[in-house]
Amino acid sequence: MNNKTKNAAFAYSYLFPSAFLTLVLGIYPIAWAFRYMFYNYKGYGTARFIGLDNFTRILQDIQFWDSVVNTFVYAGGKLLLSIPLSLLLAAILNRGLKGKHLLRAVFFMPTVISTAVMAVVFFTIFNSYNGILNQFLIKFNITSSGIDWLGPKHAMLTVILVAVWGAVGNYMLLFLAGLQNIPEDVYESSALDGANKVQQFRYITLPMLGPVMQMVIMLAIITALKGYESIMVLTEGGPAGKTEVMFLYLYKLFFPLGGGSATQVQEFGYGSAVAFVSALIVGMISLLYFYASKRMNRID
Amino acid sequence: MKKQLLLTSLSIVLALSLAACGNSNSNNNSEGATAATTGEKTKISYWTGDRHDAEFIKEKVAEFNETNTDGIEVELVVKGDDFDTALDLSFQTADSPDVIRVKENTIGTFYKKEYLAPIDEYLSDELKAKFPEMADLNTFDGKRYSLPNYGTTMRLIYNKDLFAKAGVTAPPTTLQELVDIAKKLTVAGKADGAYGFAQNFKNPASALGRSARVIAEMSGFGGFGYDFKTARFDFTGFKSIIEAFKQIKDDGSMLPGVESLDIDPLRAQFAEGKIGMYLSYSSEPGVYSTQFPAKIDWAAAPAPTIDGNAKGASGFLGGQWLALSAKSKHKDAAWKFMEYMYGDSILTAYQEKGFGISMVPSISAVAKVPEVNGIEGFLPNKYDGVWPVYPIVAPEGMKSDDAFFKYMLNGGDLGAVITDLNKRYNSALDDAITNDGLVAKPDPGFDPAALAGKFAK
């Protein structure tokens, strides 16, 4: 065995554990779903081949397309709030602020807390009948009666705010890493040329953060389009589907929440088809963004 | 080179240990008797989704672990609303339980999924005679999979203090009275944050499954829209019920925030006196004596009917309790635990402590009326009866409970909603008959009123 072969053998042996995990936990379930999206399968009995019927059903499935629209509203709201906010926080904490290390840790904290636990805590804050927020608003005469934060009018806003709270610290940290890579002398020379802080931010910070920004937004888009965990705890997609996002709808097809899978039929076949279409939607949007941002970089 | 070898070995060990993870119990086949002689414990697990009796069951499991002479140790796992999902996942791994709590609406599906093992080989003639055999509730294709313990009745639960404050003397018996009383209670209680009525609409299936269902059944309609006379789905009977619920909401008599209300927070609010009425199961007295001690005087009454005429039976749910897992490696040990749980002392205590109302005739004959406050309203009366098992189908589009709740929030044409539901549910029913072997035969002589009264003392 020559050196080259030996090295390759070692390289493959190092790759083996992660490749094995990817195969078992990633590729196998995908292959499983690929097969069953052409079947009617309820999790028991025989799976029945039905060709493209599941995809025809998707085209007529108003609940699914409503969930797609809800996903865009949720993801859009989350991105519009979390990206500027995390950039602003990163810019502030990048300065010689007293206690900045502590503040960075505080802002990053939500990232390490379990989404479900976080959502349970927010439920106690936002629920309409004895939520802390309503009690606070009433006590300080900001409103005369409680606001139905998880009701039809405000539920989407509430789940977006919770998602923003959970995401800001993470993106802030990535922006902070990007900001620290911008050489200080660029700012010094621009200051000598008379640039003020706003101009520095607009003409130095933002362009030089370009690659990081591109990566963060890409990450944020994918995470937001796939997010559903906190919504499941807060509203279960309700009221009446107002916060039902794509991946929650998909989850319910596999594991119905209404009294559990035993009282409702699990739809593994249709769920697999919906999973495929949902992944396609997320993939297409991510690709669109990727090419658009690359094009913008070239124009710059 | 040495470093490379070390890393390679480490990678292989890691990979092998991962592969071994799912197989840790494969050689652990010893049963109770063998374990007792060798001094090793046979560990089995019991999974339940019940929380109202959790403390009692915990106590009994601990007692079994201490007293059994077969070296069996039971791990009690109390799951929440995710019980069915967790069970599904457990059966995909090596961690499925040995004993499973089954209910009237889960045993059929668990049987089809092949989660359950028949228990006939363990049943003596005495046990067979003691525990009634009930088709589709504990027996499938001639084999028994569970035995009954207690049944669950459904009632209207009301806040007597708020009723007195509002000057209402009796609970409602019709839908119109339900709407009117909810309004009166709200007028009397709103200043203190109390409202006339509540439902746990965070999960519409759970909310309507404990409210609209019993009103429909009492009024002679199938509780899930299925008509046993015609063997077709027909949700027409739900029209006036859903309209009444909508009226209560539109009147402002419904607790604010019911859209995100789960059943436990609803109970917590009722215990605090913030809710005038709601509909639920006979597990409530246990809840208010242990889980959420009630600060109010409350009682239970038969659910109202649509027009005051009881043309059906208020569902008495049960017929099963514990089942043996088909995947259990310790079936004998698991049965010994089940045998202990089905012993007279536990079944009697179960009723006397108010966790449920016995469906076992020999227990029912001797068990005292539970000492738990409020249980008297839940004891079987002339309206209670066991309905046949409803077929579960998979309609395309929105489920009935979601469609009804959407109507309650947004309004629209309820007649059109019902026509659409009938069409989609019957199409799913036909599909299940053709492709999944579901049996649904019309029974023109089916009389829901004849189901009632068989358990009344």
Side-chain angles (χ1 to χ4, degrees), chain A residues 6-7 9-10 13-21 24 40 42-46 48 50 57 60-63 123 126-131 134 145-152 155 158 234-242 244 254-267 270, chain B residues 4-5 7-8 11-12 14-15 18-19 49 81-85 87-89 103 105-110 112-114 193 201-206 209 255-261 265 268-269 272 274 392-394 396-399 401-402 405-410 428 431-432 435-437:
Chain A
K6 267 186 199 167
N7 282 340
F10 282 126
S13 65
Y14 300 152
L15 281 173
F16 179 71
S18 56
F20 175 77
L21 283 178
V24 174
N40 182 337
K42 298 180 173 74
Y44 56 84
T46 322
R48 188 162 42 90
I50 52 167
R57 183 176 160 188
Q60 297 158 353
D61 187 346
I62 298 164
Q63 264 181 301
F123 187 81
F126 283 111
N127 80 67
S128 319
Y129 42 92
N130 65 354
N134 273 346
S145 60
I147 296 168
D148 198 358
W149 292 107
L150 297 171
T158 307
L234 282 166
T235 63
E236 289 188 6
K242 297 271 183 197
E244 183 135 290
F254 282 94
F255 304 111
L257 300 177
S261 60
T263 48
Q264 291 186 34
V265 178
Q266 288 168 293
E267 299 195 69
Y270 184 58
Chain B
Q4 279 185 323
L5 269 172
L7 282 168
T8 310
S11 307
I12 292 165
L14 275 173
L18 271 170
D81 293 335
D82 62 337
F83 180 79
D84 297 346
T85 307
L87 195 71
D88 284 336
L89 292 174
K103 295 188 175 184
N105 57 2
T106 62
I107 190 168
T109 308
F110 293 164
K112 282 185 196 162
K113 287 181 177 177
E114 297 176 356
F201 275 123
K202 184 171 186 182
N203 188 327
S206 172
L255 182 80
V258 287
E259 298 90 348
S260 56
L261 195 66
Q269 291 299 302
E272 291 290 326
K274 305 293 182 194
I392 299 173
V393 297
E396 290 186 9
M398 199 175 272
K399 307 285 184 294
D401 304 303
D402 294 322
F405 182 48
K406 192 174 180 185
Y407 164 77
M408 282 178 65
L409 286 181
N410 303 337
D431 182 71
N435 298 305
D436 299 331

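The structure presented is a predicted model; accordingly, all values stated were derived computationally and were not measured. Both backbone and side-chain heavy atoms feed into the values below; hydrogens, waters and symmetry mates do not. Each chain gets a letter, A, B and so on, in the order its sequence line appears, and its residues count up from 1.
The closest side-chain heavy-atom distance from B:D436 to A:T46 is not below 4.5 Å. Looking at heavy atoms from C-beta onward, A:P239 lies out of side-chain contact with B:F201 at the 4.5 angstrom threshold.
Residue contact with chain B, scored on non-hydrogen atoms closer than 4.5 Å, is absent for A:F126. Residue contact with chain B, scored on non-hydrogen atoms closer than 4.5 Å, is absent for A:I62. Using a 4.5 Å cut-off between heavy atoms, B:Q269 contacts chain A through its side chain alone, with no backbone atom that close. Using a 4.5 Å cut-off between heavy atoms, B:L89 contacts chain A through its side chain alone, with no backbone atom that close. Contact annotation for B:V393: only backbone heavy atoms (N, CA, C, O) come within less than 4.5 Å of a heavy atom of chain A.
If you take CH2 on A:W149 and OG on B:S260, they are separated by 13.0 Å, rounding to the nearest 0.5 Å. To the nearest 0.5 angstrom, A:K42 atom NZ is 12.0 Å from B:K113 atom NZ. A:E236 CD to B:K202 NZ: the interatomic distance, rounded to the nearest 0.5 Å, is 5.5 Å. The distance from the CG atom of B:D88 to the CD atom of A:Q266 is 4.5 Å, given to the nearest 0.5 Å.
When atom types are taken as modelled, the side chain of B:E259 and the backbone of A:G151 share no donor-acceptor pair closer than 3.5 angstrom.
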side-chain contact (heavy atoms from CB on, under 4.5 Å) between B:T109 and A:V265, intermediate numbers included: CA-CA 9 Å; B:T109 308; A:V265 178; over 6 Å; no
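Inspection of the A:Q63 and B:D402 side chains reveals no N or O donor paired with an N or O acceptor under 3.5 Å.
With a 6.0 Å radius and a threshold of 12 heavy atoms from other residues, nucleotides or ligands, B:K406 has its NZ atom at or below the threshold.
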